[in-house]
Protein chains: 2
Amino acid sequence: MDDQETADRAPTTVEEFHERLAALADRLPKRLRQCAEYIGANADRIAVSTVAELAAGADVPPSAVMRFCQIVGFSGFSEMQRLFREAYAPVWPDYATRLQALKEKDAGSPAALLGEFIEAGRLSLEALAQSADEAVLNRAVSVLSHVNTVHVVGFRRAFPVASYLAYVFEKMSVPSMLHDGLGQMTHRGALRPGDGLLAITFPPYSRETLSLAEDARARGLAVVALTDRLSSPLATLSDAVVPVPEVDFGSFRSLSATIAVAMALAVAIGTRRGDGENARP
Amino acid sequence: MDDQETADRAPTTVEEFHERLAALADRLPKRLRQCAEYIGANADRIAVSTVAELAAGADVPPSAVMRFCQIVGFSGFSEMQRLFREAYAPVWPDYATRLQALKEKDAGSPAALLGEFIEAGRLSLEALAQSADEAVLNRAVSVLSHVNTVHVVGFRRAFPVASYLAYVFEKMSVPSMLHDGLGQMTHRGALRPGDGLLAITFPPYSRETLSLAEDARARGLAVVALTDRLSSPLATLSDAVVPVPEVDFGSFRSLSATIAVAMALAVAIGTRRGDGENARP
DNA sequence: GAGATTTTGGAATTTTTATTCCATTTTCGG
DNA sequence: CCGAAAATGGAATAAAAATTCCAAAATCTC
């Protein structure tokens, strides 16, 4: 059974293990690919897990994990685990310590910057958890659950959020339209009675977004605003204003909190609409 | 300290374990003290060792190690080991399962959903802080600091990240081009020698992104990958692979960690390029 | 769409590992 | 130095884990 076709014997380093995985990943059948993905992404836990635990994580039966180990080149799970146990070094500086270390690198180094952005994101999420207003969220969701098409608009730094919303709406089969400003075309004609607008903007507020919201308002559409504060210029144009506290680092927004709110809205809307029909979970 | 005898309950944290050990160390007979000393000094190995291995290390029979575990307060070795294994991988134990449970209970509540997305973001950022690899970041930055134009590509759920990158590059006066796939035009001709590609993709990997990366590779461009793991299909096409641990549930990615990494890269690249010329700080 | 081939899930088996038990040795107070 | 109590080592047992195997299901070929 000397099969030197693919498996020229077991990887001897963790690095090699990942290389082998990358080479294999494509040509693997379903269950084995699940193993490869989960185990590849959680390689650090191989050292402290049992076959059964990894199998549960990858959502496959234990025998699939065994087969996976053999395909990668080991005689079995134990041999694979030995590799990771020997390479095992506890990552003990816990999150807080590690973050501190990252931030203390020389200013401007990628690691230091990353530390700052992680911190900004974490603070934003924490602030959001504090300030989230259930009533406001409910109003926003119920407003947009009953419209025909959900129009989504957001430019500049709000655009990533808008595009992610459009993606999630599509996934959940919610009719939606992303206003992307392409070619300076505003597609105002697409705003039909019975539709709703989800507008996203932060200081300095984008003129185009405000203008579209005004237009929607004038045509009688329901408008929901995702913005920085209740007194945003969007407020007077909207049926529901969801304020998102976001911590900036330099002039760069982390967007973590904004995306969390956007996702929650989108999924809630999708779910509520789907209750009546057949939407994807 | 008030010493209410040795509490006969097991330590629940690693710290408690060490305290208990310190308190006990003096009053222990010979073999047990050997255990305490060796195991106390090598506590980090507990998670990945067997009773027999620890016994050999402490130069005592296995039964002595068992007695030691019980004296410290555990029911046996397995319970002690569980403490250390959990302490090692506390970050994201079984997130998918948790979301699953939540979904079945209170799917429609926007506030509950928001709580989960906040938590997902927080966990992702923590995992990122733990796993961030400075060397990889540095390589990615230096690769893209010396190219002419930075091409950015990412579709579906990676698109928001790509578009945010394009925004930040523009703010920092870094020549860049966002490949948006508009009208199915690939703009491959724009990939010129001396340029670089920053490609972003997550499972299920977008064919278009992979294909563009292949093309860039073939033309000799520098390629940096922002993806979920080192064994991603992008890996073999890239000069630097930055893996981002992100909690993924169905189609819904929190993106917090991904955006944090993207921003750190963009700002570091922008800064480094600006050092030579006169770019905006 | 029938037959061949691959993939899969789970039960059965083997191996490893943890745990208990007890006969023997050591320690200690008198 | 004797007897009681504690400590010890190793063999025996129990539990858990890894590994194999095979029938059923899925997938591919012609």
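Throughout, protein chains are lettered first and strands after them, A, B, ... in sequence-line order, and every chain is numbered starting at 1. Note that the structure is a prediction, hence the values are computed from the model and not measured.
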Report task. Starting at the 5' end of nucleotides 15-22 of chain D, put B wherever the base has a protein heavy atom under 4.0 Å, S where only the sugar-phosphate does, and a dash everywhere else. Result -> --SSBB--
Requested in this report: Write down the atom of B:Gly73, the atom of B:Arg20, and the distance for their closest heavy-atom approach.
Outcome: CA-NH1, 4.3 Å
Report summary line: Scanning both residues in full, the closest heavy-atom pair of A:Tyr88 with B:Arg45 reads O-NH1, 3.6 Å
Report task. Decide yes or no for A:Val14 and A:His18: does some side-chain heavy atom of the first lie under 4.5 Å from some side-chain heavy atom of the second? Result -> yes
Requested in this report: Please lay out, stage by stage, how B:Leu234 and B:Val241 fare under the test side chain to side chain contact (heavy atoms under 4.5 Å, CB included).
Outcome: CA-CA 8 Å; B:Leu234 268 182; B:Val241 179; over 6 Å; no
**Report entry** Heavy-atom pair of closest approach, residues B:Leu230 and B:Ala235
**Finding:** O-CB, 3.1 Å
Report task. Take the C1' atoms of the five end pairs on each side of the helix from C:dG1-D:dC30 to C:dG30-D:dC1, get both axes, and report the angle to 10 degrees. Result -> 30°
Query raised in the report: Relative to the ring of B:Phe17, is the ring of B:Phe74 parallel (under 30°), tilted (30 to 60°) or perpendicular (over 60°)?
Result: tilted
Requested in this report: Output all residues satisfying side-chain hydrogen bond (donor to acceptor under 3.5 Å, both in side chains) with B:Glu19, sequence neighbours left out; order by chain, then residue number.
Outcome: none
**Report entry** Interface limits on DNA chain C, where chain A has a heavy atom under 4.0 Å of a nucleotide atom
**Finding:** C:dT7 to C:dG10
Report summary line: Here the side-chain hydrogen bond (donor to acceptor under 3.5 Å, both in side chains) pairs for residues 211-224 of chain B, sequence neighbours left out, are B:Arg188-B:Ser211, B:Asp215-B:Arg219, B:Arg217-B:Asp239
Requested in this report: Would you mind reading off the distance between B:Phe68 atom CZ and D:dT8 atom P, rounded to a whole angstrom?
Outcome: 13 Å
Query raised in the report: Does any donor atom in the side chain of B:His179 or B:His151 lie under 3.5 Å from an acceptor atom in the other side chain?
Result: yes
**Report entry** Those residues that, when tested against A:Arg33, pass side-chain hydrogen bond (donor to acceptor under 3.5 Å, both in side chains) (two or more places apart)
**Finding:** none
